[in-house]
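No hydrogens, no waters, no symmetry mates; every other heavy atom, side chains included, goes into these values.
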Amino acid sequence: VMVADVNGDGRVDVGVTVYHIDPGAEMGRSEVRYFSWANTRLEKHFEFEIDGHVGDLCGVTNERGEVIVALEVGTGDEGGEIQMWSGRSGRVFWRGDMTNGRVRALSLDAQAAQLVIGGVDCQVWMSHMTSFGLSPARELQHRWGLSGLLLLPQRLLTLSNRMGLQLLRF
């Protein structure tokens, strides 16, 4: 579940994934649904399906005002890859292979279009999101493996099983 004001219109945006797997199947499919809260109800903006399991998701608008959804897709704690999907077309337009247990959480700063990727190996990568994909911006070293991230203006809030919540400045 992702909850944020992705496009800056003052309304709460909600992204959810629903995983379906048939009995006896090795892999299922995930439905990705995107809503905005308006007039005491959720309005659905778009949905699409992908093969596999979505571990985490987050969203932002690009320079044209289009909603982009970034998904961490794979199995287990290691994840598999990051996929960026267009909310308008419902198609993936960028993929980045993330392996060796490095991906664990995603978080966005919607104003600056920054994507933060935190890994169980204590690495934190900050990248700029564009219509063409991700461009690396900065790498940080964290003391313990991460289980969650939240990008704030000039700060990064991290969650780890060993250290709890920590606020980092960058």
Side-chain angles (χ1 to χ4, degrees), residues 1-20 28-74 79-96 98 103-118 124-138 140 146-160 164-170:
V1 173
M2 171 214 63
V3 178
D5 180 6
V6 172
N7 57 6
D9 65 358
R11 298 189 318 170
V12 174
D13 299 308
V14 180
V16 297
T17 64
V18 179
Y19 186 65
H20 301 280
R29 294 184 57 78
S30 293
E31 294 177 27
V32 178
R33 300 174 184 164
Y34 182 85
F35 304 87
S36 287
W37 183 258
N39 302 322
T40 68
R41 64 183 180 86
L42 288 174
E43 291 179 2
K44 184 166 45 171
H45 290 282
F46 59 83
E47 67 179 296
F48 53 87
E49 282 193 28
I50 66 167
D51 291 328
H53 179 264
V54 174
D56 210 342
L57 77 157
C58 51
V60 71
T61 52
N62 65 15
E63 63 276 3
R64 295 185 307 262
E66 176 185 18
V67 174
I68 304 298
V69 179
L71 305 173
E72 182 256 329
V73 180
E81 69 177 0
I82 292 183
Q83 298 179 2
M84 293 174 63
W85 289 73
S86 163
R88 184 170 294 140
S89 71
R91 296 183 184 191
V92 65
F93 67 90
W94 187 89
R95 296 173 190 266
M98 300 299 197
V103 172
R104 186 62 184 263
L106 300 177
S107 184
L108 282 178
D109 175 345
Q111 279 71 41
Q114 289 184 313
L115 178 66
V116 176
I117 305 165
V124 178
W125 300 272
M126 299 179 71
S127 298
H128 295 294
M129 245 175 116
T130 70
S131 296
F132 304 105
L134 295 177
S135 61
R138 176 173 201 177
L140 305 169
L146 300 172
S147 58
L149 295 169
L150 178 61
L151 185 60
L152 305 168
Q154 304 300 313
R155 291 181 177 87
L156 180 65
L157 183 64
T158 64
L159 174 65
S160 69
L165 288 172
Q166 290 186 306
L167 189 62
L168 307 174
R169 292 180 186 269
F170 58 85

Member of Val16, Thr17, Val73 meeting the side-chain contact (heavy atoms from CB on, under 4.5 Å) criterion with Leu57 | Thr17
Working to the nearest 0.5 Å, report the span between CD of Glu72 and CD1 of Ile82.
-> 7.5 Å
Distance from Glu47 atom CD to Glu31 atom CD, nearest 0.5 Å?
-> 6.0 Å
Gly52 versus Ser30, closest heavy-atom pair with distance | O-OG, 2.7 Å
CZ on Arg88 to CD1 on Ile68, rounded to 0.5 Å | 8.5 Å
Hey, does Trp37 have a side-chain heavy atom less than 4.5 Å from the side chain of Arg11?
-> no
From the list Phe48, Trp94, Tyr34, ring-ring contact (aromatic ring centres under 6.0 Å, His included) partner of Trp85 resolves to Phe48
Residues in ring-ring contact (aromatic ring centres under 6.0 Å, His included) with Tyr19, at least two apart?
-> His53
Taken in chain and number order and not counting sequence neighbours, the residues that satisfy side chain to side chain donor-acceptor pair (under 3.5 Å) with Ser36 are Asp13, His45
